[in-house]
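The structure appears right after this line, and notes come after that.
Along the sequence shown, residues are numbered consecutively beginning with 1.
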Amino acid sequence: MEMALLGDWVEALGGGCAHDPFITDLLHRHRKTEHKRLQPLWERRVQGKRTALLSRPVGDGLTLADALPGAQSPEALLDDAFIDDRISTVLSQLPHADTEIALSWARTGGSWAETADSAGQEATYGERVRRKLKRLGSECKRRQEHVVRGGGA
């Protein structure tokens, strides 16, 4: 109600000759509008259905996110086996230090120079790792296309 009273509804009153039922109806409409606008997304209905928070408890100390099948954080995916075998293939061809830089870059999303610097390397080291990944990725793609076209392994 507070937001409705502070709104721009006064302009709708015009020259001050509005009667009580009109003002009451106007305030009621503005209150409903403000209530919808301020209502949290997880309390709203979309096509008759509510949105549930993944942090909502479902019992025994578990949350809804814990109950989802195969729920993993993006960080866990980086540490586990990769979904796409091509990534593992390319990373296996890099020296350990380069692999660490690549994984750190994937986790942070920063620039290659920042990633190398945070790992105690020169800024140009990150750019070298990026170029190696690009070259190895292109080679892997070319080999797979060759195999698919029937060129053998």
In this structure, CG of Leu54 is separated from OG1 of Thr63 (nearest 0.5 Å) by 7.5 Å
ask   = Can you tell me if Ser138 uses its side chain to pair, donor with acceptor, with the backbone of Lys134 under 3.5 Å?
value = yes
N/O donor to acceptor pairs below 3.5 angstrom from side-chain atoms of residues 109-117, sequence neighbours left out:
residue: Ser111; atom: OG; partner: Glu114; partner atom: N; Å: 3.0
residue: Glu114; atom: OE1; partner: Ser111; partner atom: N; Å: 3.1
residue: Thr115; atom: OG1; partner: Ser111; partner atom: O; Å: 2.8

_Salt-bridge contact Arg130-Glu127 (side-chain N to carboxylate O under 4.0 Å)_ = yes
Sorted by chain and number, sequence neighbours left out, salt bridge (charged side-chain N to carboxylate O under 4.0 Å, His left out) with Glu139 holds for Arg135, Arg143
Heavy-atom nearest pair, Leu91 first then Ala102, reads CD2-CB, 4.0 Å
request  = For the pair Arg37 and Glu34, evaluate salt bridge (Lys or Arg N to Asp or Glu O under 4.0 Å) and give the outcome as yes or no after the intermediate values.
outcome  = CA-CA 5 Å; Arg37 191 178 67 78; Glu34 288 299 321; 2.9 Å; yes
- Task: With side chain to side chain contact (heavy atoms under 4.5 Å, CB included) as the test, would you mind laying out the steps for Val129 and Thr99 before giving the verdict?
- Result: CA-CA 8 Å; Val129 172; Thr99 302; over 6 Å; no
What one should report as the nearest heavy-atom pair of Gly126 and Ile101 is CA-CG2, 4.5 Å
Assess whether side chain to side chain contact (heavy atoms under 4.5 Å, CB included) is satisfied between Leu133 and Val90, documenting all intermediate values.
CA-CA 7 Å; Leu133 285 170; Val90 168; 3.8 Å; yes
Residue set satisfying salt bridge (charged side-chain N to carboxylate O under 4.0 Å, His left out) with Arg29, at least two apart, ordered chain then number -> Asp25
dist Glu100:CD -> Gln121:CD (nearest 0.5 Å) comes out at 11.5 Å
Here the gap from Asp98 atom CG to Lys132 atom NZ, rounded to the nearest 0.5 Å, amounts to 3.5 Å
dist Arg131:CZ -> Leu136:CG (nearest 0.5 Å) comes out at 12.5 Å
Hey, does the side chain of Gln93 reach the backbone of Thr89 with a donor-acceptor pair shorter than 3.5 angstrom? yes
query = Is Gln144 atom CD crowded by more than 12 heavy atoms from other residues, nucleotides or ligands, each under 6.0 Å away?
reply = yes
